[in-house]
Protein chains: 2
Amino acid sequence: MAPKIKDVAKQAGVSVTTVSRVLNGEKYVKDDLKIRVQRAIDELGYTPSHIARSLVRKKTNLIGVIVPDVTSSFYSTILSTIEKTASLNGYNLLVCNIIEDTDKELKYLQVFQQMRVDGIIIMHEKLNDEIRDLINKMSIPIIFSSVKPADQKFISVIIDDYAAAYDATKHLIELGHERIGYIGGDMRDITSGQNRYAGYIRALADHGIALPEAHIRFGDYKTQSGYEMMKEILAQKPHPTAVFAVSDDMAVGAMNCIHDHGLKVPEHLSVIGFDGSQLTEQVRPRLTSMEQPILEMGKVTVDKLLELIEEKEGGPAEDVILQHMLVSRDSCMDVKRGE
Amino acid sequence: MAPKIKDVAKQAGVSVTTVSRVLNGEKYVKDDLKIRVQRAIDELGYTPSHIARSLVRKKTNLIGVIVPDVTSSFYSTILSTIEKTASLNGYNLLVCNIIEDTDKELKYLQVFQQMRVDGIIIMHEKLNDEIRDLINKMSIPIIFSSVKPADQKFISVIIDDYAAAYDATKHLIELGHERIGYIGGDMRDITSGQNRYAGYIRALADHGIALPEAHIRFGDYKTQSGYEMMKEILAQKPHPTAVFAVSDDMAVGAMNCIHDHGLKVPEHLSVIGFDGSQLTEQVRPRLTSMEQPILEMGKVTVDKLLELIEEKEGGPAEDVILQHMLVSRDSCMDVKRGE
DNA sequence: ATGAAAGCGCTAACAT
DNA sequence: ATGTTAGCGCTTTCAT
């Protein structure tokens, strides 16, 4: 059995309070005692129990995070910066990988509650009623990262998805494209489904381009679905000269499909992605993408959550809107100038 | 303040023991009491504290996992199945993403200890003395996944890296290649550094092929390093007709480098990767890879760890060797038949 | 079948 | 400056 604080106290010939004091670096402990305690700790190989501490301090320094899919390049990157920032601030991560599994998410949310985590980060917005009910009555600070669910109560760290999609589409238009296909997200998702689609539509409209219904499809953000949606789009003649996919993974799937059809990116078809994941640099041609500031997003998410945790009362509770940025690589062609 | 078991007891007009009993699904509670308690729980929105439970039960149902880099396609995949299996068994994951940061790892290992996690999974083998000392004196069950560190005390879930590398090299040889380059891992790593290199060397020797020193480089498993090492290899004339990279990420980096030099895979140069991550299907040409059974590996890791946890005494403590498998895709050419 | 009380390992008043 | 003691929220003997 692991030694406890009492054992250390006995070994050092002091009270448990004194041991606790040196453990927590408090003053009011004479140097010689401090040394004796430290020696006892070393001799016994004592490690304080975080469990017991949490119980009395009512603070676990745990953050629960719900990721849709750690396997995605976007989420794994944001998760890694979340972990880094949390760790730097003395917090540890309890992670739940839901894969469209609502039951699992609900179960985890309950676990988070039982674990008395200090805060929760959620990275998706497909909240069903049960989950919405639960998080609404939990008293644990919650923050959403990269998404803004319909429910207005919680704060989100996001980009302006509408504007970003608008700008991505506009980029294609400025390159001279007029037949611009779209591979969107789940339209039940406000942030990455509806808002991005609205931006795309608006950009087209603002430039007098009719909506190319035949070239519009909706996927699930993953490579495979980008591939399949592109396949459907290519079946429509004439096919578009450019495609905007709302995730890099789908964009890569689309590029692969185009390649497998014997066509070339960007010569025959330009494609632009969304997110700015590392995949953009791993494929050839390198993928032009409307990037989210992923690293910053992860960091700010944790920073804001810690504010919520530490300031007790919700405070201003305002969304944080980060800047999106177009990063031009090799997957888009300037139709006018033949770039 | 969240309601406690005492509040529920009062509300239901029973003792805390009774509440505890219905909470834990014990028998010896009359139905009417059970119902009253349940109603009190609902009315109060009571959630038992896992913290308090852990303290008395001396069991946290927490597993600490140390991943080198969640951003890598291999590790994120194995992490996702680890999480899945753990969750299915009622365990939660505390994750630490070390990025070659030994201090952070040490710190986390200590945190795991303080948290009294029930078990630990480590996915790298670059143990320094300090870390080795620590894990050797911790009494928490530890298991290594995908690596086998020098230290013999712990069990590992791995493939036979030597044989896998041998087979990958042999595959290239059977395709008619004679100038086979190698982009290896860190030679301080036994499993993925030394063993794979030994397999490569031996396959060459067994087929009477001299070691092509000029075409051998060592990277850090990441895409970027695969790119750079390939660049160095291409600078040597004549360049090899095939390259074996010991991670899919590096293989993709190599493919990109080849592409950027105006050469084609597999026409000019074949490349074979290692791991079987999803990247293999995301790039064009699709990457042939010596695959590890990633999903199985993650599952078996957790299963074995749970055995260690539940059976108290280490037991047989034998490594688990999983089967590797060559998956042929489009990045390797049959030189003899011109395939 | 139900309850009283001790205790899990620690911190934090409150003495002294 | 150091020690005593009362909890933190729960489970678990041990009575009844």
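Reminder, nothing fancy here: chain letters follow the sequence lines and each chain counts from 1.
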Give the B/S/- string for nucleotides 10-16 of chain C, one per nucleotide from 5' to 3', where a protein heavy atom under 4.0 Å of the base yields B, of only the sugar-phosphate yields S, and otherwise -. BSBBB--
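- Between A:His50 atom NE2 and D:dC8 atom C1' there is a gap of 14 Å when expressed in whole angstrom units.
- Phosphate contact (OP1/OP2 of D:dG3, side-chain N/O of A:Thr18, threshold under 4.0 Å): present.
- Between B:Glu296 and B:Lys299 there is no salt bridge, since no side-chain N of the basic residue sits under 4.0 Å from a carboxylate O of the acidic one.
- Sequence neighbours left out, the pairs with a member in residues 34-52 of chain A that pass salt bridge (charged side-chain N to carboxylate O under 4.0 Å, His left out) are A:Asp31-A:Lys34, A:Arg39-A:Glu43.
- Using a 4.0 Å heavy-atom criterion, one finds that B:Ile51 contacts no nucleic acid atom at all.
- The terminal axes of the helix from C:dA1-D:dT16 to C:dT16-D:dA1, fitted over 5 pairs per end, subtend an angle of 40° to the nearest 10°.
- One interatomic measurement links the two molecules: CE of B:Met115 to C1' of C:dC8, which rounds to 18 Å at whole-angstrom precision.
- Residue-to-nucleotide proximity on DNA chain C shows that, of B:Leu55 and B:Asp31, the 5′-proximal contact is made by B:Asp31.
- Rounded to a whole Å, the CG atom of A:Leu33 is 7 Å from the P atom of D:dG3.
- Within the 3.5 Å criterion, the main-chain N or O of B:Ile51 finds a donor-acceptor partner in the side chain of B:Ser49.
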Show your reasoning for whether salt bridge (Lys or Arg N to Asp or Glu O under 4.0 Å) applies to B:Asp32 and B:Lys30. CA-CA 6 Å; B:Asp32 61 322; B:Lys30 275 205 182 125; over 6 Å; no
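- For the OP1/OP2 pair of C:dA1 and a distance below 4.0 Å, the side-chain nitrogens and oxygens of B:Lys34 include no atom meeting the criterion.
- Here A:Ile5 contributes atom CD1 and A:Lys10 contributes atom NZ; the two are 13.0 Å apart, rounded to the nearest 0.5 Å.
- A:Asn128 and A:Lys126 share no donor-acceptor pair across their side chains, judged by distance under 3.5 Å alone.
- Between the side chains of B:Thr191 and B:Glu125, at least one donor-acceptor pair of N or O atoms lies under 3.5 Å.
- With hydrogens and angles disregarded, a donor-acceptor distance shorter than 3.5 Å links the side chain of B:Thr77 to the backbone of B:Ser73.
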